[in-house]
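Encoded as structure tokens, here's the structure I'll be asking about.
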Amino acid sequence: MSGQTIFDKLWDRHVIMGEEGHTQLLYVDEQHIHEVTSPQAFQGLRDAGRKLRRPDLTFATYDHNVPTKDIFTIRDVISKNQMDALARNVKDFGVEVCDHGSEKARNRPYDWS
């Protein structure tokens with residue numbers, strides 16, 4: 001796998017079937033979500049009366065709206081609303097969340113080899 005991008009390495013490890021250059025089926029063994037695009041997905045689940053299929057394989061973190069200074073004071077109203085929505089959604093759907101400044105935030109293991 002040398003000379004491949006991180007994307008290529010991850011993609012190759014998760015292909016179940018299909019040929020390169022054609023449609024491929026991937027197995028996603030962990031889903032990472034954040035506060036910006038997840039509210040729409042959670043609302044879609046609510047509207048359809050569905051549960052999250054594998055909350056145990058979903059990991060949420062506050063990402064795009066966290067200030068670089070004083071991470072606990074969110075002054076921007078839109079940012080605060082998005083972060084509050086994520087907090088409600090992870091609680092409602094049983095998803096593990098990495099809160100601001102938590103041990104989880106500092107010690108989340110990643111393997112990019």
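Index from 1, following the sequence.
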Rounded to the nearest 0.5 Å, the CD atom of Glu96 sits from the CG atom of Leu57 at a distance of 11.0 Å
**Prompt:** In terms of hydrophobic clustering (I, L, V, M, F, W, Y; side-chain heavy atoms under 4.5 Å; direct or indirect links), are Val95 and Val97 co-clustered?
**Reply:**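 Yes, Val95 connects to Val97 through the hydrophobic network.
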On a heavy-atom basis, the closest approach of Gly94 and Pro55 is O-CB, 3.4 Å
Compare every heavy atom of Gln31 with every heavy atom of Leu52, then report the nearest pair and how far apart it is.
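In terms of heavy atoms, the two residues are closest at CD1-NE2, 4.5 Å.
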- request: Please report the C-alpha distance between Gln43 and Asn89 in whole Å, then the side-chain angles of each, then the deciding distance to 0.1 Å, and finally whether the side-chain contact (heavy atoms from CB on, under 4.5 Å) criterion is met.
  value: CA-CA 9 Å; Gln43 191 58 50; Asn89 288 329; over 6 Å; no
Residues passing the side-chain hydrogen bond (donor to acceptor under 3.5 Å, both in side chains) test with Thr73, sequence neighbours excluded, are Asp70
Show which side-chain atoms of residues 15-24 pair as donor or acceptor with protein atoms under 3.5 Å away, not counting sequence neighbours.
{"from": "Gln24", "atom 1": "OE1", "to": "Trp11", "atom 2": "NE1", "distance (Å)": "2.4"}
{"from": "Gln24", "atom 1": "NE2", "to": "Gly18", "atom 2": "O", "distance (Å)": "3.4"}

Rounded to the nearest 0.5 Å, what separation is found between the OG1 atom of Thr37 and the CG atom of Leu86?
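With rounding to 0.5 Å, OG1 (Thr37) is 10.0 Å from CG (Leu86).
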Spatial distance of atom CD1 (Ile78) from atom CE (Met83) [nearest 0.5 Å]
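One gets 14.0 Å once the value is rounded to the nearest 0.5 Å.
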Worksheet entry | Polar side-chain atom of Glu35 near backbone of Ala85 as donor-acceptor pair, under 3.5 Å | no
Starting from Val28 and following side-chain heavy-atom contacts under 4.5 Å between hydrophobic residues (I, L, V, M, F, W, Y), which residues can be reached?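 Reading the cluster by chain and number, Val28 sits alone, since nothing else belongs.
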Would you say that Arg46 contacts Asp92 through its side chain, given a criterion of any heavy-atom pair below 4.5 Å between the two side chains?
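The answer is yes; the side chains approach within 4.5 Å.
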Would you confirm whether the ring centroid of Tyr27 sits within less than 6.0 angstrom of the ring centroid of His14?
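They do not qualify: ring centres at least 6.0 Å apart.
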Quiz item: What is the distance from atom CG of Asp56 to atom CD of Glu30, rounded to the nearest 0.5 Å?
Solution: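 The distance works out to 10.0 Å.
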* Asked: Transitively linked via ILVMFWY side-chain contacts under 4.5 Å: Ile74 with Val36?
  -> no
Of all heavy-atom pairs linking Gln82 and Asn65, the shortest is OE1-ND2, 2.6 Å
Margin query: Assigning hydrophobic clusters by single linkage (Ile, Leu, Val, Met, Phe, Trp, Tyr; side-chain heavy-atom cutoff under 4.5 Å), is Ile71 placed with Val90?
Written below: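 Yes, one cluster joins them.
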| query | Run the side-chain contact (heavy atoms from CB on, under 4.5 Å) check on Thr58 and Phe93 step by step: do they pass? | reply | CA-CA 10 Å; Thr58 304; Phe93 285 86; over 6 Å; no
key: Sidechain N-carboxylate O distance under 4.0 Å for Asp84, Lys80   = yes
Distance, nearest 0.5 Å, that separates CG of Leu10 from CD of Gln4
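Output value for this atom pair is 10.0 Å.
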Rounding to 0.5 Å, atoms CZ (Phe7) and CG (Asp12) come to a distance of 9.5 Å
